[in-house]
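Below, chain A is the first sequence line, B the second, and so on; all start at residue 1.
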Amino acid sequence: EAEVAQSPRYKITEKSQAVAFWCDPISGHATLYWYRQILGQGPELLVQFQDESVVDDSQLPKDRFSAERLKGVDSTLKIQPAELGDSAMYLCASSSPGTVNTGELFFGEGSRLTVL
Amino acid sequence: KQEVTQIPAALSVPEGENLVLNCSFTDSAIYNLQWFRQDPGKGLTSLLLIQSSQREQTSGRLNASLDKSSGRSTLYIAASQPGDSATYLCAVLQRASWGKLQFGAGTQVVVTP
């Protein structure tokens, strides 16, 4: 069964360092989402792509976070510099062209970030 | 702004008991509502999706109801098993939101043998 791939699964870094997360969506899924989930809270959307274009990045802290999906397939989320409050699970999800408006998302296993 | 609330935050039941998980939302103009399961340190798996025009949706031991006018949904899990231990999150999709889900904080469930 097709899956959303994410790496790394775990990342420990010191504050002020740079970190990057990678996501490969299910083949053919044009819409890609990055969510952040702080421990004990629900996921919050950071950025949404339609192919290579950003649809919504209203909740992305643009002073330190950046996201790209250059060829409209895989995506990278970067944090520079990392802060203690960035410790969270970063979840990638994708949806197919036929279901983008229905909320039927497929999630990856997530990347757990710990900032020391 | 839509707010999604799940109470209680945690729940522990003995095996065999039925589970009742609650979700409330403030804006009734939703397109649909989903229930997800999340195992510790893992991603989310969709369990049930209820369209705004539906009252309930069933899958095996799971049944979810939706009362849009009162802003409430309930997930019932019959005859709970230790394997049902996980965090359950509900999420609503607003109309014209282009797939953006609003999540509750989840209910952490422990089913003891």
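In this structure, chain B has heavy atoms under 4.5 Å from both the backbone and the side chain of E109(A). When heavy atoms are compared at a cutoff of 4.5 Å, Q37(A) approaches chain B solely by way of its side chain, counted from C-beta outward. For Q38(B), the part lying near chain A is the side chain, with the backbone staying farther off; criterion is any non-hydrogen pair under 4.5 Å. The parts of L101(B) that come within reach of chain A are both its backbone and its side chain, each placing non-hydrogen atoms under 4.5 angstrom from that chain.
Within 6.0 Å of CZ in R55(B) there are 12 or fewer heavy atoms belonging to other residues, nucleotides or ligands. The environment of I12(A) atom CD1 is sparse: at most 12 non-hydrogen atoms of other residues, nucleotides or ligands sit within 6.0 angstrom.
Placement of L75(B) and F36(B) in two distinct hydrophobic clusters is found when ILVMFWY residues are connected by side-chain heavy-atom separations under 4.5 Å, directly or transitively. When hydrophobic clusters are built by joining Ile, Leu, Val, Met, Phe, Trp and Tyr residues whose side-chain heavy atoms come closer than 4.5 Å, directly or via intermediates, L32(A) is not grouped with V73(A). A single hydrophobic cluster is not seen to contain both Y31(B) and L49(B); linkage of ILVMFWY side chains at heavy-atom distances under 4.5 Å, directly or through other members, places them apart. Taken together through direct or relayed side-chain contacts under 4.5 Å among Ile, Leu, Val, Met, Phe, Trp and Tyr, L70(A) and F49(A) form parts of separate hydrophobic clusters. Hydrophobic clustering (ILVMFWY, side-chain heavy atoms < 4.5 Å, transitive): L46(A) and M89(A) are in distinct clusters.
Here the closest heavy-atom approach between residue S58(A) and residue K100(B) is recorded as OG-NZ, 4.3 Å. Closest approach of A105(B) to G40(A), counting heavy atoms only: CB-O, 3.8 Å. Contact between P43(A) and L89(B) at its shortest, heavy atoms only, is CD-CD2, 3.8 Å.
When Q102(B), Q108(B), Q34(B) are compared by the number of non-hydrogen pairs under 4.5 Å with chain A, Q34(B) comes out ahead.
Taking CD of E104(A) as the start and CG of N32(B) as the end, the distance is 8.0 Å to the nearest 0.5 Å. Atom CZ of F106(A) is separated from atom OG1 of T45(B) by 10.5 Å, given to the nearest 0.5 angstrom.
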